Each structure stands twice: as structure tokens, then as C-alpha cells.
Amino acid sequence: MSEEKSLNFIEEIVENDLNSGKYKTLVTRFPPEPNGYLHIGHAKAICLNFGLTQKYGGYTNLRFDDTNPVTEKTEYVNSQQEDIKWLGFNWKNELYASDYFDELYSFAIKLIEKGLAYVDESSADEIAALKGTPTEPGQDSQYRNRSIEENLDIFTRMKNGEFSDGAYILRAKIDMASPNMLMRDPIIYRIKHAEHHRTGNKWCIYPMYDFAHGQSDSIENITHSICTLEYVSHRELYDWFIKKLEIFPSKQYEFARLNLTSTVMSKRKLLQLVNDNLVNGWDDPRMPTISGLRRRGFTPKSVREFCERIGIAKRENLIELSLLEFCIREDLNKSANRVMAVLDPIKLVITNYEKGTEDLIGENNPEAEGGTRVIPFSNELWIEREDFMEVPAKKWFRLAPGAMVRLKFAYIVKCEDFVKDENGNVTEIHCTYIPESKSGNDTSGINVKGTIHWVSVQHAKTAEIRLYDRLFTSETPDAEEGDFKDYLNPESLTVLPNAFIEPALADADLDSRYQFIRKGYFCLDKDSTAEKLVFNRTVTLKDTFKKPK
RNA sequence: UGUCCGAUAGUAUAAGGGUAGUACGACAGUUUUUGGUACUGUUUGUCUUGGUUCGAAUCCAGGUCGGACAACCA
């Protein structure tokens with residue numbers, strides 16, 4: 001076995017378990033709660049769980065952890081499935097914790113019969129008061145020693161709907177003095193007269209997370225139940241239920257969740273951004289959701305690559321956004337066709353060009369066998385306003401009075417003059433071109449430092465272009481003083497309603513990815529119509545040019 | 001003043017008693033019809049104090065720092 005790459009700690013555990021014969025087949029699961037959209041942190045968990053069974057054989061189930069009917073919706077089930085498929089993974093079984101409600105109920109009965117669970121009718125406040133604190137032990141509830149018969153009777157009546165929400169709860173009988181708060185007689189069933197997205201009104205009692213997750217894993221014969229670090233202290237309970245119920249011993253392993261700079265990752269906060277209309281929905285391209293990244297133009301491959309590069313470990317981490325950007329640039333550099341678009345136009349007139357128009361040939365992608373296309377050229381072009389400086393900075397290789405640049409795929413031009421309006425703004429640049437300098441056939445012998453992009457005025461199409469930047473101005477918005485929303489970046493979205501694009505872009509579809517030469521990677525947005533194309537900037541090109549001060 | 005988890009360059013992540021390596025970032029250079037790409041180079045690290053050992057990032061003990069835990073959420 002050649003060791004090309006080192007293993008992460010979970011892969012080591014899996015390899016050991018497989019090599020020792022502890023398990024014949026690896027079974028993992030991805031267990032989202034359908035109460036929100038999946039984000040890049042979930043992508044890390046998805047890649048881990050599905051990646052493990054791809055690498056070592058076995059399979060991964062998709063199991064919706066739907067034990068709380070008031071927050072869960074079918075809309076989320078659907079979006080979550082779409083996101084997992086988009087990432088490129090296939091689950092073996094589509095399952096729901098709610099599939100096991102009958103079985104979970106009988107597990108509860110079994111616990112009661114063993115004297116390991118009891119019905120408590122204390123109020124939520126009373127229960128909290130007796131729970132103790134992390135540094136002080138709790139105290140037993142006065143209902144802790146009900147008879148098994150009475151517990152059975154009340155629990156059955158809870159199920160039958162005889163009581164209102166909160167009147168009774170079922171608790172595991174463990175140890176109110178445990179240093180682990182979760183072992184202090186945790187609540188395992190509560191009454192909720194709520195309609196469930198799958199089981200409808202069949203149930204009015206629902207199991208808590210701790211009484212559903214491990215047992216669901218066990219029912220499915222999950223060998224390695226992988227979750228994030230905040231569940232470490234749940235492991236003791238997880239194992240306790242499995243042991244007392246004498247069921248398949250799934251094992252839980254925890255890794256550190258992903259944190260990304262300049263964004264937030266908690267579903268609660270993302271929901272707030274959506275509900276407060278601070279972004280335009282869950283799939284707003286500025287959101288770290290999988291649907292947001294997809295709309296922004298990220299490829300599944302780039303997201304998988306990112307998840308691969310960040311690694312799996314147990315220490316808290318904060319990944320720099322630049323790594324995500326690297327991953328998408330790396331992918332798109334190889335695959336995206338190069339086209340020209342002018343975002344902030346200024347007119348350039350070639351005063352000695354008398355051919356009218358001319359079709360030039362553009363190479364689609366110098367990094368791939370991308371073929372070529374026709375690009376119309378004429379004596380009036382749009383170029384980028386920022387590519388001209390009236391008073392050039394040092395090391396400026398673009399347009400300036402008397403300076404020469406190459407027009408990409410076309411000719412070398414020399415700036416002869418420029419026009420200003422009454423406010424002193426440059427409105428037009430006048431150049432002469434060098435006929436012998438045509439791209440691919442340059443006999444002029446002239447070498448220029450700078451090459452700029454352009455679009456022929458008479459052939460240009462207009463498009464709306466949306467530029468995105470970091471959602472937050474702080475790298476750690478949820479660690480800042482005050483509300484995280486105070487750190488939203490007011491410039492996270494810039495809309496350019498009238499940019500000019502080369503005519504070939506009229507054929508763009510939602511799956512196309514482009515590099516707008518010198519400007520970044522872009523894709524068509526779903527808001528596009530036949531009359532108006534809308535492009536999203538996925539990411540800028542890396543820019544090593546030091547802006548002159 | 002509890003229990004649990006963790007600590008390696010700016011950020012991540014390897015090295016499992018024997019040369020501290022890789023990636024991203026940053027910086028510099030070469031190439032270039034994208035100030036892109038590619039290539040080259042530079043920079044910066046084992047939390048601390050002891051112990052075991054010929055030898056410790058690694059094993060042990062104490063400390064420090066960070067995180068988690070007191071929802072009828074997951």
C-alpha cells in the first residue's frame with residue numbers, strides 16, 4: 001500500500017476498524033435537520049461522510065433528522081437533496097428519523113420497563129432549577145421514583161393525546177449528579193401537538209435529538225457516526241442508550257466544524273439574513289450556502305477540492321476565504337472560456353482605421369483545447385475606464401497620452417489624444433492603430449507591456465453585471481462586539497446595469513462559465529431574460545498590480 | 001472555579017521517539033498578446049515549565065491559553 005497522502009484521524013480509525021475485521025462494511029450517514037439550507041460547513045461533512053465510503057467501500061445514507069415538527073419543512077428536504085446531488089454524491093437510502101417513530105416509542109417503553117426512564121410533570125422552570133449548573137450537581141425530581149406501571153400508564157396517555165404540550169415529559173433515569181449535564185436525567189420525549197411534515201398528525205409526542213440520533217444510527221447499522229465537536233459531550237449519552245437498549249453499537253466520532261472568514265455559518269444567523277431581507281434569499285450569491293455558491297458560479301468540483309484541502313481535525317479553525325477563492329480559480333482557469341466584457345466603459349476611437357468593421361479570431365482558452373470564435377472589431381470600441389490614466393503612475397503599462405497598448409486579439413494602438421467634458425472627466429480617447437500589428441500576424445516589431453480588453457461599440461450587447469464582495473467587513477463577524485449584522489459589508493453587492501459584452505456572450509446559458517478577460521470569472525444568473533442578460537461575478541482574477549496611491 | 005475537547009509559520013494541515021514538511025497567503029523574480037496562468041526563490045512555526053530518553057512536536061506531570069456543556073433545539 002503506497003502512502004501518497006497522510007490520513008486524517010477519522011480515516012485512521014476507519015482503516016483500523018476495517019483492517020482489524022471489526023466491521024466488514026463501512027456505513028456512514030449524513031443527517032441534516034430539514035430546517036434550513038445547507039451551507040459550506042455541511043459540504044465539509046458531506047464530503048467527509050460520502051468520501052469515506054467512496055474511498056473504503058460501503059455506503060452512506062441520507063437521513064433527515066426530523067424530530068422537531070415545528071421547525072422542519074419539506075421545502076428544506078428538497079433543497080438539501082438537490083444540494084447533495086449537485087455536490088456529486090449519491091446516497092444509498094433516503095431515510096428519516098421519523099421513519100423510526102414507532103421503534104423509538106418501543107425503545108422508550110423498554111427503558112421504562114427496565115426502570116431507566118420516568119415521567120416527570122415538573123414545569124420547564126422547575127426542571128431547569130433542579131438540573132444544577134456545570135459546577136454544581138442537580139437534584140432528583142420528586143417524580144423520579146414513580147412505579148413502572150404508573151410511568152407506563154402516563155406515557156401511553158401522553159402518546160394518546162390526553163395531555164397538553166408541556167404537561168408531562170419522559171426522562172431517562174441516569175444520574176442527577178453527573179459532571180456531564182447531559183446525563184442528568186435528560187428529557188427524551190416531549191408532547192408537541194404539531195403536524196409533522198411526514199407523519200402528519202399521527203404523533204403528538206416526539207423524541208428528542210439524543211433519543212433519536214444514536215438509535216437511528218443503530219437501526220441503520222451505521223458503523224461510524226461522524227458529527228461535529230459540540231456533540232462530544234453527547235457521546236456518553238449516545239453510548240448509554242445503545243447499551244441499555246442492547247442494540248447495534250454504532251460509534252460516534254467528532255471533528256471540528258468549518259469556520260470561514262468574513263461570513264457566518266450558523267443556520268440561525270443565515271435564516272436571520274434571509275428573513276430580514278439583508279440578502280436576497282437563501283441562494284443569494286453572497287451567502288455561504290451551497291445554493292448561494294452554486295448561483296455565484298462555484299463548481300461542485302471546486303467545493304469538493306476546498307473540502308479536501310481544509311482537512312479534518314479536532315481543533316477549532318478559521319479558514320481564510322482566499323483558499324475557497326483559490327479553489328474556484330484553479331478549476332475555472334482550466335475550463336472557462338475567455339471572453340471580453342467592459343464593465344465601466346469609456347469610448348476609444350481609432351482615428352486611422354478605415355476598414356469599417358473586421359472579424360477577428362479569439363482563442364477561447366489558452367489553458368485548454370477550447371477552439372476559437374469570431375470577434376467583431378471596428379473603429380469605435382468600449383474599453384475599461386480604469387485602463388486609461390491621464391497622468392500615468394510609475395510602472396503603468398496601460399493607456400496614457402502617447403502610450404501604446406495591445407488590444408487583446410487585435411492591434412496595437414497608440415493614444416494620441418483624449419476628450420474631456422466640462423467637469424474635467426475624460427469622455428473619449430483617440431488612438432491610431434498600427435496595421436502591421438494584427439494579432440497572430442504581427443510584423444510591426446513593436447513590443448508593448450500592456451494588453452487591454454475591449455468590445456466594439458456597434459456590435460456590443462448590454463448586460464447587467466453583479467459584482468460580489470465579502471458579506472461582512474469583519475473576518476469574524478460573530479466574534480465582534482454587538483450584533484453580527486452591524487458588520488455587514490455595504491459594498492457586498494455592486495450592480496452594473498449597463499455593461500457591454502461581446503456578441504458571442506448572447507449564447508450563454510446557466511451552465512456556462514466564463515473568464516471575462518482581466519476582470520474575473522462570471523456566469524449567467526437565473527434572473528436573466530431574453531431582453532436582459534445578467535451575469536454574476538464568481539471571483540476576481542488574482543491581482544498583483546499595486547494600485548498607485 | 002466542575003467535566004470534557006484542543007494547542008505546530010499569517011491561515012489550515014502533516015510528521016505517530018530519529019532531517020519540522022505541504023498547501024493557501026504574503027514578498028521577489030522568470031515567462032506571458034490577461035498586471036491572469038505556469039515556473040523559481042524568499043519569508044515566518046512545535047503554548048509554557050519540568051520529567052523520561054542517546055534523542056521529544058510526538059510519551060509523562062504541572063501550568064497557561066482557547067473552545068464546548070446549565071433549550072421540552074439539533
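Quantities reported herein were computed from a predicted structural model and do not represent experimental measurements. Throughout, protein chains are lettered first and strands after them, A, B, ... in sequence-line order, and every chain is numbered starting at 1. Because only heavy atoms are used, hydrogens play no part in the values below, and waters and symmetry mates are left out as well, while side chains stay in.
Rounded to an integer number of Å, the gap from A/Y238 OH to B/C4 P is 22 Å. Taking atom CD of residue A/E316 and atom P of nucleotide B/A12, one finds them 10 Å apart after rounding to whole Å. In this structure, A/M176 places its CE atom 19 Å from P of B/U3, rounding to the nearest Å. Computed from coordinates, the A/D210 CG to B/A74 C1' distance equals 9 Å when rounded to whole Å. The interatomic distance linking A/N317 (CG) with B/U8 (P) rounds to 11 Å, in whole Å. Between the CG atom of A/L229 and the P atom of B/C69 there is a distance of 11 Å, given to the nearest Å. One can place OH of A/Y231 at 25 Å from P of B/U3, the figure rounded to the nearest angstrom. In this structure, the CZ atom of A/F545 is 20 Å from the P atom of B/U32, given to the nearest Å.
Among the nucleotides B/A70, B/C72, B/C73, the one closest to any side-chain atom of A/I169 is B/C72. The A/R315 side chain lies nearest to B/U8 when the options are B/U8, B/G35, B/A70. Nearest to the side chain of A/E230, among B/A68, B/G25, B/C72, sits B/A68. The listed nucleotides are B/C69, B/A12, B/U33; the one nearest the side chain of A/I319 is B/A12. Of the candidate nucleotides B/C69, B/U37, B/G35, B/G35 has the atom lying nearest to any side-chain atom of A/T544. Relative to the side chain of A/N68, the nucleotides B/U33, B/G10, B/C73 differ in distance, and B/C73 lies closest. Proximity note for A/K542 (side chain, C-beta onward) versus B/A70, B/G25, B/G35: the nearest is B/G25.
A/E33 comes within contact range of the sugar-phosphate backbone alone, with a heavy-atom separation under 4.0 Å but no base atom that close. A/K395 comes within 4.0 angstrom of a nucleotide base, judged by non-hydrogen atoms across all strands. As judged by a 4.0 angstrom heavy-atom cut-off over every strand, A/T67 is placed among residues touching the sugar-phosphate backbone only. A/R338 comes within 4.0 angstrom of a base, heavy atoms only. A/Y206 comes within contact range of no nucleotide atom at all, as no heavy-atom separation falls under 4.0 Å. Counting non-hydrogen atoms under 4.0 angstrom, A/I517 reaches a base of the nucleic acid. Residue A/R329 is classed as having no contact, given no heavy-atom separation below 4.0 Å to the nucleic acid. As judged by a 4.0 angstrom heavy-atom cut-off over every strand, A/G520 is placed among residues making no nucleic acid contact. Base engagement by A/P366 is indicated by at least one non-hydrogen atom pair under 4.0 Å involving a base atom. Contacts of A/I312 with the nucleic acid, taken as non-hydrogen atoms under 4.0 Å apart, involve only primed sugar atoms and P, OP1 or OP2. Residue A/N180 is out of contact with every strand shown, counting any heavy-atom pair closer than 4.0 Å. Across all strands, A/F326 comes closer than 4.0 Å only to sugar-phosphate atoms, never to a base (heavy-atom distances). As judged by a 4.0 angstrom heavy-atom cut-off over every strand, A/A313 is placed among residues touching the sugar-phosphate backbone only. Heavy atoms of A/H453 sit nowhere under 4.0 angstrom from any nucleic acid atom.
Nucleotides B/A26 and B/U58 place their P atoms 33 Å apart, quoted to the nearest Å. Rounded to the nearest Å, the gap between the P atom of B/A14 and that of B/A23 is 15 Å. Of the C1' atoms belonging to B/G36 and B/C4, the separation is 49 Å, rounded to the nearest Å. Between the C1' atoms of B/U48 and B/G66, the separation comes to 15 Å (whole Å). Across the P atoms, B/G6 and B/A15 are found 15 Å apart, a figure rounded to whole Å. Here the separation of B/C60 from B/G67, taken at their C1' atoms, is 25 Å to the nearest Å. Spacing of C1' atoms, B/A56 relative to B/U19, comes out at 15 Å, to the nearest Å. Taking atom C1' in both B/C54 and B/A7, the straight-line distance is 29 Å, to the nearest Å.
The pair A/R304-A/E308 does not meet the salt-bridge criterion, since no charged nitrogen lies less than 4.0 angstrom from a carboxylate oxygen. Salt bridge A/D331/A/R513: absent, no basic N to carboxylate O contact under 4.0 Å. Remark: A/R373 engages A/E502 in a salt bridge, criterion side-chain N to carboxylate O under 4.0 Å.
Taking the six-membered ring wherever Trp is involved, the centroid distance between the rings of A/F255 and A/F9 does not fall below 6.0 Å. Proximity of the aromatic rings of A/Y209 and A/H213 is defined here by a centroid distance below 6.0 angstrom, and this criterion is met. Taking the centre of each ring, A/Y514 and A/F522 stay at or above the 6.0 Å mark. You'll find the ring centres of A/F409 and A/W454 outside the 6.0 Å limit. When ring centroids are compared, A/Y238 and A/Y231 stay outside the 6.0 Å threshold.
Side-chain atoms of A/E367 and base atoms of B/G36 include a donor and an acceptor less than 3.5 Å apart. Side chain A/R406 to base B/U33: a donor-acceptor pair is found below 3.5 Å. Evaluation of atom-type donor-acceptor distances gives a pair under 3.5 Å for the side chain of A/H234 against the base of B/A74.
For the pair A/K269 and A/F484, the cation-pi test (distance below 6.0 Å, angle within 45°) is passed. Taking the ring centre of A/F64 as origin, the terminal cationic atom of A/R198 falls outside the region bounded by 6.0 Å and 45° from the ring axis.
Between A/Q515 and A/R235, the residue anchored closer to the 5' end of RNA chain B is A/R235, taking for each the nucleotide with the nearest heavy atom. In terms of position along RNA chain B, the nucleotide closest to A/I310 lies nearer the 5' end than the nucleotide closest to the other residue of the pair A/D65 and A/I310.
For the 3.5 Å distance criterion, the side chains of A/S178 and A/N180 fail to qualify, holding no donor opposite an acceptor.
When the side-chain nitrogen and oxygen atoms of A/R268 are compared with OP1 and OP2 of B/A74, none of them lie within a distance under 4.0 Å. Between A/K314 and the phosphate of B/G67, there is no side-chain N or O to OP1/OP2 separation shorter than 4.0 Å. Put simply, A/T451 has no side-chain N or O that comes within less than 4.0 Å of OP1 or OP2 on B/G35. The shortest distance between the side-chain N/O atoms of A/R398 and the OP1/OP2 oxygens of B/G35 is not below 4.0 Å. The phosphate of B/A74 (OP1 or OP2) has a side-chain N or O of A/R190 nearer than 4.0 angstrom.
Scanning RNA chain B for stems, defined as runs of 3 or more consecutive Watson-Crick or G-U wobble pairs whose donor-acceptor distances all fall under 3.5 Å, gives the following ranges: B:2-7 with B:64-69, B:10-13 with B:21-24, B:26-30 with B:38-42, B:47-51 with B:59-63.
Applying the ring-ring contact (aromatic ring centres under 6.0 Å, His included) test between A/Y189 and each of A/F107, A/Y206, A/F155 identifies A/F155 as the sole match.
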